[in-house]
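Some notes on the structure that comes next.
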Number of protein chains: 2
Amino acid sequence: MNNRAEERRKQVLRATLQAICDKGFSAVTLQDIADYADVSKGVISYYFKNKEDVFYHLLEWMTDRIFQSEYAAIQKESNAIDKMRAYVNAAFKNPEDNRIFYRVYLEFLAQVNQNERFREVNNTFYKNCWFIGSEIIQKGKSEGIFTNVEIESGSHMIRALIDGCLLQWLMRDDETLHSYYRDNCYETIITYLNNKKS
Amino acid sequence: MNNRAEERRKQVLRATLQAICDKGFSAVTLQDIADYADVSKGVISYYFKNKEDVFYHLLEWMTDRIFQSEYAAIQKESNAIDKMRAYVNAAFKNPEDNRIFYRVYLEFLAQVNQNERFREVNNTFYKNCWFIGSEIIQKGKSEGIFTNVEIESGSHMIRALIDGCLLQWLMRDDETLHSYYRDNCYETIITYLNNKKS
DNA sequence: AGTTTTATTCTGTCCGGTCAAATTTTTATT
DNA sequence: AATAAAAATTTGACCGGACAGAATAAAACT
């Protein structure tokens, strides 16, 4: 069935994610992916054009999952402050899985300069992130807060801080820092959004 | 002479920097480095233990240069606000060269999980960055400003925002955005540091 | 001449992608 | 339902090419 193909593809992508996390982007071979997925090498070529194609679809799948999860989180809340909290929480949720995700995402980021298709996927992801930020700021403005923040640049700065915090957290191999960065990230953003111009 | 050796090493490192920027970390071969440096492959083996050793020394050299340049910049200024401005300016100075630098630095960051020595170099770099942030916040406190910011977490957030902005700037291939990110990064940090707790 | 430095060649390893054969699944026929 | 035929999927051996590092040769310097 068509279903089988879809299942296999997912299986290969999940295997690739784990393989990259363990061995690093450039060290992963087709054989590694096949081993992690418990299939033979030929299966990968059967369902994907080539290795680059596997990576491309993995990046697409990952960034889409991150966005969907973050967007769903803010939609559950009704006011701007809660939405902001939910946004940061979503970015930092699930420490163990998240670490794998962002570790691999970072490897992709490094590849973006060498690969036009990766760049396009990432640009879409950025636009989605900024969209979330814009929605929150706009909601805040409609509530009479966040009055001194520009929507566009504000949404850029929000994502910059989230990414910067995630990066630092990723680089410091200490699980206790997870909530530290999550909470400080949130507090810092709120302070920035709430600023009263002097 | 010893001098000649030092010169050759620098030459190889500079070539490696350029090669990684053009071709990507994992694609760079010893032959590439030799070609960029206008020497033969043997030279590299003569001055470095192996390819990984070249990369290690390059990372060390790069992160040290970034720190030295940023630290020198804040020392030229006398008050906290000016220091902060100088810090951000230093991080964003020299768009073209900087792009190469940070592009390659990003590739190293992605490798950090696979390489203990890289991780150590980067940890040192982070500590240096946080040190700069701490100095600025402390100076501010001694001037009676930045009163509501903790020194440690504040220095973490400052670097997180700088890195996040640099990352976004790097990913968006538009030279006009350089001053946009530099200025917004600075404004956002100052807003955060100056916050009046309600 | 002897030593250091540079250039070239060699060698063993590994990898991505292919493909023909084997296996499994689906469809058609009786 | 049983069987046969066809289609889809899976396998792993294989090939050509690329690379790191070693070995060797040549040149430059002292």
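Note that this is a predicted model, so its numbers are computed, not measured. Proteins come first, then strands; the chains are lettered A, B, ... in the order of their sequence lines, and each starts at number 1.
Geometric assessment of R8(B) against the ring of Y47(B) yields a negative cation-pi assignment under the 6.0 Å and 45° thresholds. Judged by the 6.0 Å and 45° rule, R99(A) forms a cation-pi pair with W169(A). Within the cation-pi definition used here (under 6.0 Å to the ring centroid, within 45° of the axis), R9(A) qualifies as a partner of F48(A).
Atom C1' of nucleotide dT13(C) and atom CG of N50(B) are separated by 16 Å, given to the nearest angstrom. Note: CZ (R8(B)) to C1' (dA7(C)) measures 12 Å, nearest angstrom. Following rounding to the nearest Å, Y46(B) (OH) and dT6(C) (P) show an atom-to-atom distance of 8 Å. If you take CZ of F25(A) and P of dC15(C), they are 16 Å apart, rounded to a whole angstrom. One interatomic measurement links the two molecules: CZ of R9(A) to C1' of dT9(D), which rounds to 14 Å at whole-angstrom precision. Atom C1' of nucleotide dG17(C) and atom NZ of K49(A) are separated by 13 Å, given to the nearest angstrom. The separation between Y47(A) atom OH and dA8(D) atom C1' is 8 Å, rounded to whole Å. Between Q11(B) atom CD and dT5(C) atom P there is a gap of 14 Å when expressed in whole angstrom units.
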- Message: D38(B) vs Q11(B), test: side chain to side chain donor-acceptor pair (under 3.5 Å). Steps then yes/no.
- Response: CA-CA 9 Å; D38(B) 260 320; Q11(B) 184 183 5; over 6 Å; no
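Heavy atoms of V43(B) sit under 4.0 angstrom from primed sugar atoms or phosphate atoms, though from no base atom. The residue V54(A) sits apart from the nucleic acid: no heavy atom pair falls under 4.0 Å.
Y105(B) and N122(B) are linked by a side-chain donor-acceptor pair at a separation below 3.5 angstrom, with hydrogens and angles left out of the test. Residues N50(A) and D53(A) have side chains that never bring a donor and an acceptor to within less than 3.5 angstrom of each other.
Taken residue by residue, residues 30-39 of chain B places heavy atoms nearer than 4.0 Å to DNA chain D at L30(B).
When the nearest nucleotides of DNA chain D are assigned to A27(B) and S40(A) by heavy-atom distance, the more 5′-ward of the two goes with S40(A).
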Polar pairs (N or O, both sides) under 3.5 Å between protein and nucleotides 13-18 of chain D?
none

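Base-pair partner of dT30(C): dA1(D) (Watson-Crick or G-U wobble, both distances under 3.5 Å).
A ring-centre distance under 6.0 Å is not found for Y192(B) and Y192(A).
Without hydrogens or angle criteria, K139(A) side chain to A80(A) main chain gives no donor-acceptor distance under 3.5 Å.
For the ring pair (Phe, Tyr, Trp, His ring centres under 6.0 Å) with F131(A), the qualifying choice from Y71(A), Y126(A), F125(A) is Y71(A), the only one to do so.
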